[in-house]
Chemist: 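So that we are looking at the same thing, I have put the structure below in structure tokens.
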Number of protein chains: 4
Amino acid sequence: MAESKAPDSTRRSEKSRRAIYAAALSLVGENGYAKTTIEGIAARAGVGKQTIYRWWPSKAAVLLEAFLDLGEQAAEAAEAAGADGAYEIPDTGDLAADLKLVLRATVDELNDPTFEAPTRALAAEGIVDAKIGAEYAEKLLEPQAALYVRRLRAAQEAGVVRDDIDPRTAMELLTGPIVHRWLLRTLPLTHAYADSLVDYALNGLAPRPPRH
Amino acid sequence: MAESKAPDSTRRSEKSRRAIYAAALSLVGENGYAKTTIEGIAARAGVGKQTIYRWWPSKAAVLLEAFLDLGEQAAEAAEAAGADGAYEIPDTGDLAADLKLVLRATVDELNDPTFEAPTRALAAEGIVDAKIGAEYAEKLLEPQAALYVRRLRAAQEAGVVRDDIDPRTAMELLTGPIVHRWLLRTLPLTHAYADSLVDYALNGLAPRPPRH
Amino acid sequence: MAESKAPDSTRRSEKSRRAIYAAALSLVGENGYAKTTIEGIAARAGVGKQTIYRWWPSKAAVLLEAFLDLGEQAAEAAEAAGADGAYEIPDTGDLAADLKLVLRATVDELNDPTFEAPTRALAAEGIVDAKIGAEYAEKLLEPQAALYVRRLRAAQEAGVVRDDIDPRTAMELLTGPIVHRWLLRTLPLTHAYADSLVDYALNGLAPRPPRH
Amino acid sequence: MAESKAPDSTRRSEKSRRAIYAAALSLVGENGYAKTTIEGIAARAGVGKQTIYRWWPSKAAVLLEAFLDLGEQAAEAAEAAGADGAYEIPDTGDLAADLKLVLRATVDELNDPTFEAPTRALAAEGIVDAKIGAEYAEKLLEPQAALYVRRLRAAQEAGVVRDDIDPRTAMELLTGPIVHRWLLRTLPLTHAYADSLVDYALNGLAPRPPRH
DNA sequence: TGATAACCGAGACGGTACGTCCTGTCTTGAG
DNA sequence: CTCAAGACAGGACGTACCGTCTCGGTTATCA
């Protein structure tokens, strides 16, 4: 059942891999994803084209891995810098405040022009190419999602979220609209919007029956 | 001070335009958007390439117009078939039921494999190309959004939605998560999910204080 | 029975054709045939690669045509310069002298370093590729051969060559050894050698019976 | 002052060498010389590419050696089969008949489709690459030429060829036209042609003065 | 009798050129 | 003027080989 033509990854050149990541990221930053070519990446990385085609199935796959590598390096750096490893959504007891904090951070990140082009490009590629999409979701989205789920479960245990709520769906109620606005650029993405979403989601749209 | 190179649209060939729409849609359906080329569209439409370049700025623009045209034709057909023109979200008095109805329809539409490829392609293009994205949002998303806003305002007047709620944000609370799941394929898109969203959005995640 | 994909030669760019000829000849002169690439020819000619692939089946075909064109232009120039058009082997009545004259000229031409590289390259290509070889023979060799045949026929009429001799074979008796030496570089190619060939061929190797 | 990178030929793998010869010859036979690659030879021979690059400077050199080896093996086989080793042109006393015999054999050999492709390929390579050409001439052509020279010298001693004839040039008068026809495919190569060449060469083209 | 060189198979590497495809522009001839 | 047709310059595609290199794994002398 082994792949007949799989290259021998033990002999892979680490130097080339890193150079390809760097070249891909810089070219996408400079010219945009559409104008970035495999040929251009190879040239800037000082690498033969075949070395890219040998290890990646597509331009999108290269960029995705480069992105993931960037994240991993940042994580390692953070860990080395003293943090206790796993980042978590804070739990101050005030769920609304905690969620607003992280959603505002997400909003800021999405509005950061540095990351905008490559992130949009990857998202677009993932929308069309299921393979890329799955990897994108698994590697970039899922870890983030898990944080929300943990915080929401804690909230359920603390009694501030109903027990019959599915944390996953609850998370999507918060992040879905933000991603939607960012992707489709329908309306500006602001801190106020993030706050509104938290309030609406936690308390619902229907009026509360008045206490007696 | 008119555009020096603007073609004279009064002399435009209607037949060619329709042939281009048909060719574009069929080719995207057969081979996917990425493998569809302007040359291929021109060939299948029996049209010179210049005729496409003269009237559209990009492949995405062609497909977008083809899509809009499809919608318009469907609308005209529906109108001719007897309906009173403007479609609306029903108002039975039961907001939750009404919303579930339309959200389930949206889910079905998004799951329809016929429309999947071109819709994803357009969405992806819109994510990367702001021009396309704006037109996409204005022509395809906005009319749909307006229906929700109207229905939610009616609900506010009826007192089943709080007055301080922004209908636009409320709408995004419902459709955002659905679009998000569809685009990123994180989890399957079902009627049950649509129902949950309505319930969560209307009632919130936090427990209601007990009536006295 | 028409070719399905034949390009329309009436719309062919004369300028590009000439530029391709010039580029091909100069590159072969500079770097040799083997190191001359279609890509290089296209680049120097300021032409798209497809323009070469559209009109020629191979690098050898390009060079062959370029060579033929060179000959035609030289011929036109000569004609314009006053000559009476068709060049002929002179007929002074002394066959041996006349043949030595042209064979010495041929030797000089083959020893000319300017023409050596491209001519060898074309000959080599023709040896391997029958199509090229046939065109090479027809366009470059045949006209030359016809001159010999005419001169030898005149010699037969004048009674200095036996009537039962095939002029074609006779010609090959003269040129074959020269071409052979040139191609295979077995021994140097000199005027003396050319003279010997004429003497040997005209008088034979066997001793003449003594006159009475 | 020895070559710093010369491999140690005493440790050379005989098995690999033979496998490379066999692979080279079979691939040239199957696909032609141009489509035969060093990589392909190595793969079929079950040999690393470096083993070829270590011992041969070029593809042509590999094929040339393979060819020579073929000839040597044939010679050894012939010797073992009883012959007295050195082959010679027969000397029956009738020079014309003897020459016709060997020239007809040469014609048959050149017309043998089995040897055609590789022989043409080698000849073509030798025409362009002087190094290969020299080796080709020395190893394959020279031994053959020596046979002619010996037979012609014997003819001179017997008085059937004039003493002032250069045997080498005389030989070229016979073989040159045949090789020429074969290489350039101008006209078919037949026994009759070989016979004519012998007659023309021996007796010359000019009429003999009538005996008194 | 190990050390220590070589050759060896294998195949990744930086490159070059291939021949194909498509882009967006330009030109031609018909209507 | 628009249109169908398609040639053009340009350039990226993905593939095939080039010739070099590095990697274990056998041999096959020498210490």
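Every chain is numbered from 1, with letters handed out A, B, ... down the list of sequences.
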Chemist: Tell me, do B:Ile38 and B:Trp56 make a side-chain contact under 4.5 Å, heavy atoms counted?
Modeler: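 Of all side-chain heavy-atom pairs linking B:Trp56 with B:Ile38, none is under 4.5 Å.
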Chemist: Are D:Arg54 and D:Thr51 side-chain neighbours, meaning at least one heavy-atom pair lies under 4.5 Å?
Modeler: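 With C-beta onward as the side chain, the pair touches.
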Chemist: Can you find a heavy atom in the side chain of A:Lys139 that is under 4.5 Å from one in the side chain of A:Phe67?
Modeler: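 No, every pair of side-chain atoms sits at 4.5 Å or beyond.
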Chemist: Grab the CZ-C1' distance between B:Arg12 and F:dC3 for me, whole Å please.
Modeler: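 Spelled out: CZ on B:Arg12 to C1' on F:dC3 is 13 Å.
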Chemist: Does B:Glu14 pair with B:Arg18 as a salt bridge, N-O distance under 4.0 Å?
Modeler: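 Yes, this pair counts.
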Chemist: Is the cationic atom of D:Arg12 (NZ for Lys, CZ for Arg) positioned less than 6.0 Å from the six-membered ring centroid of D:Trp55 and within 45 degrees of its normal?
Modeler: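 D:Arg12 over D:Trp55 ring: yes.
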Chemist: Can you tell me how far OG1 of C:Thr37 sits from NZ of C:Lys35, rounded to the nearest 0.5 angstrom?
Modeler: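 That separation rounds to 12.0 Å.
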Chemist: Residues from residues 35-57 of chain D sitting under 4.0 Å of DNA chain F, heavy atoms only?
Modeler: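 Here the set is D:Thr37, D:Ile38, D:Glu39, D:Lys49, D:Gln50, D:Tyr53.
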Chemist: Return whichever of B:Ser58 or C:Lys59 has its heavy-atom-nearest nucleotide of DNA chain E closer to the 5' end.
Modeler: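 So the residue in question is C:Lys59.
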Chemist: So which protein N/O to nucleotides 25-31 of chain F N/O distances come out below 3.5 Å?
Modeler:
unit_1, atom_1, unit_2, atom_2, d
F:dT27, O2, D:Arg11, NH2, 3.2

Chemist: Taking the side chain as C-beta and beyond, is there a heavy-atom pair between C:Arg17 and C:Ile20 under 4.5 Å?
Modeler: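 With C-beta onward as the side chain, the pair stays apart.
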Chemist: Strictly below 4.0 Å, heavy-atom distances to any atom of DNA chain F: list the hits from residues 13-27 of chain B, or just say none.
Modeler: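 When residues 13-27 of chain B is checked for heavy atoms under 4.0 Å from DNA chain F, the hits, listed by number, are B:Ser13, B:Ser16.
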Chemist: Within the 4.5 Å heavy-atom criterion, are C:Ser13 and C:Val47 side-chain neighbours or not?
Modeler: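 Not in contact.
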Chemist: Measure the shortest side-chain to side-chain distance between C:Tyr33 and C:Lys59 over non-hydrogen atoms and say whether it is less than 4.5 angstrom.
Modeler: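 Yes, side chains in contact.
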Chemist: Do the side chains of B:Leu64 and B:Leu140 get nearer than 4.5 Å, heavy atoms only?
Modeler: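 Result yes, sub-4.5 Å side-chain heavy-atom pair found.
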